[in-house]
Amino acid sequence: MAGATSVGDALRAAAPRLRASGSRSPRLDAELLLASALGVPRAELFREPARALQPDEVARFEDLLGRRVAREPVAYILGRRAFRTIDLEVTPDVLIPRPETETLVEVALEALAAMPIAGPDPEDEPLALDVGTGSGCVALALATEDPFVRLVAADIDPGALAVARRNGSRLDLARRVEFVLSDLFADVGERPFDLIVSNPPYIPADEYVALEPNVRDYEPRLALYGGIDGLDFYRRLIPGAALLLRPGGTLALEVGAGQADDVAGVIDAAGAYESPERRSDLSGVPRVVFARRRGPRAGD
Ligand SMILES: C[S@@+](CC[C@H](N)C(=O)[O-])C[C@H]1O[C@@H](n2cnc3c(N)ncnc32)[C@H](O)[C@@H]1O
């Protein structure tokens, strides 16, 4: 970035370096990193493109650029990611929330809205479980957008759970979201849930080795790898959820591209759910498979 003297110059010099390193959004990345280096909102860059950068600002920007050129995701460099209406802390312990996961939140909100109105007792309010909560994005978006739902947010990874818990406290949602360290359902308690949501690890073995370096080398394998065919978690989650859902309660699962029919097949095979439905994301990819629990709960 030799000779960069102004905000505009710095951005113009950085974008080609980022593009050459494989970034698909070099200009946006440069703007986000420069805004972070200057400690200002991104919009501020456009107000004063001729503002001269101080040497310490240039040094900070160079440091962030170097990390990005090495393919570190922007969200980890900034330590933040927006998801629906909330802003979340993210660290390398958690998957960076993806836009397609917003479809899972939409399906879950619709399922909650269709539930009978709760009585005056807080215990009557709907109870939802988020399995593999990661940053807490799904659970915390649900708690933000539905003022009544109470949630249990579970993850097997203590580092991820610590991030989710901090996000819950910062968003002032800790009263309605309980964070639990648990291998799937092992430690979530015996209580019946009205809704179970999950965006489980679903990348199959052949796709995992071919992932782009910014994902494979930085995001947690535990959050991504779903076994040889990518379906390991669905085979455990779907029968397990049937034991914890109330009759009429909804199971909603995010799936990878091309997995919807297989996951619907696992739901059918469990014999405990009504016919599964599918919902596509904004790219038209079937992204969420969901079904209502039928009959009395097993063990009743
Ligand atoms: C694909 S990430 C989803 C994270 C977050 N819900 C999201 O949508 O961004 C899957 C999450 O499942 C967690 N996980 C993996 N195996 C698990 C298990 N056996 N029990 C509970 N959580 C698990 C991972 O730690 C990771 O946080």
Side-chain angles (χ1 to χ4, degrees), residues 73 75-76 79-84 86-109 128-145 151-168 171 173 177-189 193 195-204 207-208 211 215-216 218-227 230-241 243-244 251-257 259 263 279 281 285 287-290:
Y76 288 153
R80 308 222 75 81
R81 176 71 161 215
F83 182 77
R84 288 184 70 92
I86 54 180
D87 186 52
L88 295 159
E89 174 192 341
V90 294
T91 75
D93 282 324
V94 302
L95 188 87
I96 299 166
R98 305 295 205 268
E100 53 266 32
T101 301
E102 301 199 8
T103 309
L104 179 63
V105 176
E106 276 163 29
V107 168
L109 287 170
L129 170 64
D130 175 22
V131 182
T133 198
S135 62
C137 58
V138 174
L140 296 170
L142 290 175
T144 301
E145 296 183 53
L151 289 119
V152 176
D155 205 288
I156 197 171
D157 179 41
L161 204 65
V163 174
R165 200 175 266 125
R166 283 201 295 278
N167 279 322
L171 292 164
L173 293 169
V177 186
E178 183 188 341
F179 296 94
V180 178
L181 189 66
S182 180
D183 177 1
L184 295 191
F185 306 109
D187 292 304
V188 300
F193 290 94
L195 170 71
I196 298 180
V197 292
S198 184
N199 172 19
Y202 56 62
I203 310 282
E207 285 179 32
Y208 187 79
L211 283 173
V215 178
R216 197 192 52 234
Y218 287 97
E219 298 201 68
R221 186 179 192 277
L222 188 61
L224 294 165
Y225 182 63
L231 301 176
D232 281 7
F233 282 87
Y234 301 103
R235 295 193 187 96
R236 292 174 64 200
L237 268 167
I238 289 165
L243 303 175
L244 288 175
L251 172 65
L253 301 170
E254 178 168 325
V255 300
Q259 292 178 334
V263 172
R279 179 72 54 85
D281 64 21
V285 174
R287 186 56 72 184
V288 178
V289 178
F290 57 107

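First listed ligand is number 1; within each ligand, the first listed atom is number 1.
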Does [X] have a non-hydrogen atom less than 4.0 Å from ligand 1?
X      : result
Ser135 : no
Ala154 : no
Ser182 : yes
Tyr202 : no

Is the backbone of [Y] close enough, under 3.5 Å, to the side chain of [X] for a donor and an acceptor to pair up by distance?
X      : Y      : value
Asn167 : Ser135 : yes
Arg81  : Asp87  : no
Arg236 : Tyr234 : no
Thr133 : Ala153 : no
Asp281 : Thr103 : no
Asp157 : Ala160 : yes

Looking at ligand 1, does any of its N/O atoms fall within less than 3.5 Å of an N/O of [X]?
X      : answer
Ile156 : yes
Pro201 : no
Ala223 : no
Asp183 : yes
Asn199 : yes
Asp155 : yes

Original post:
Given Leu184, Ile96, Val90, which one has a non-hydrogen atom that is nearest to atom 20 (N) of ligand 1?
Top reply: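 Going through Leu184, Ile96, Val90 one by one, Leu184 has the nearest heavy atom to atom 20 (N) of ligand 1.
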
**OP:** Could you tell me the residue and atom name of the protein heavy atom closest to atom 15 (C) of ligand 1, and the distance to it rounded to 0.1 Å?
**Re:** Leu222 O, 3.3 Å

Original post:
For atom 4 (C) of ligand 1, what's the nearest protein heavy atom and its distance?
Top reply: Gly132 O, 3.4 Å

Original post:
Of all residues at least two apart in sequence or in a different chain, which pass the side chain to side chain contact (heavy atoms under 4.5 Å, CB included) check with Ala143?
Top reply: Leu151, Leu173, Arg176, Val177

Of the side chain and backbone of [X], name the one, both, or neither that has a heavy atom under 4.0 Å from an atom of ligand 1.
X      : value
Thr101 : side chain
Cys137 : side chain
Thr133 : backbone
Pro220 : neither

Original post:
Between Glu145 and Arg84, does at least one N-O distance fall below 4.0 Å, as a salt bridge requires?
Top reply: yes

Original post:
Do Glu219 and Arg98 meet the salt-bridge criterion of a basic N to acidic O distance under 4.0 Å?
Top reply: yes

Original post:
Is the NZ or CZ atom of Arg221 positioned over Tyr208's six-membered ring, under 6.0 angstrom from the centre and within 45° of the axis?
Top reply: yes

Subject >> Which of the ligand 1 atoms, numbered from 1, are nearer than 4.0 Å to a heavy atom of Pro200 >> reply: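 Listed by number with element: 1 (C).
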
Subject >> Under the side-chain hydrogen bond (donor to acceptor under 3.5 Å, both in side chains) test, residues paired with Glu178 that sit two or more places apart >> reply: Arg191

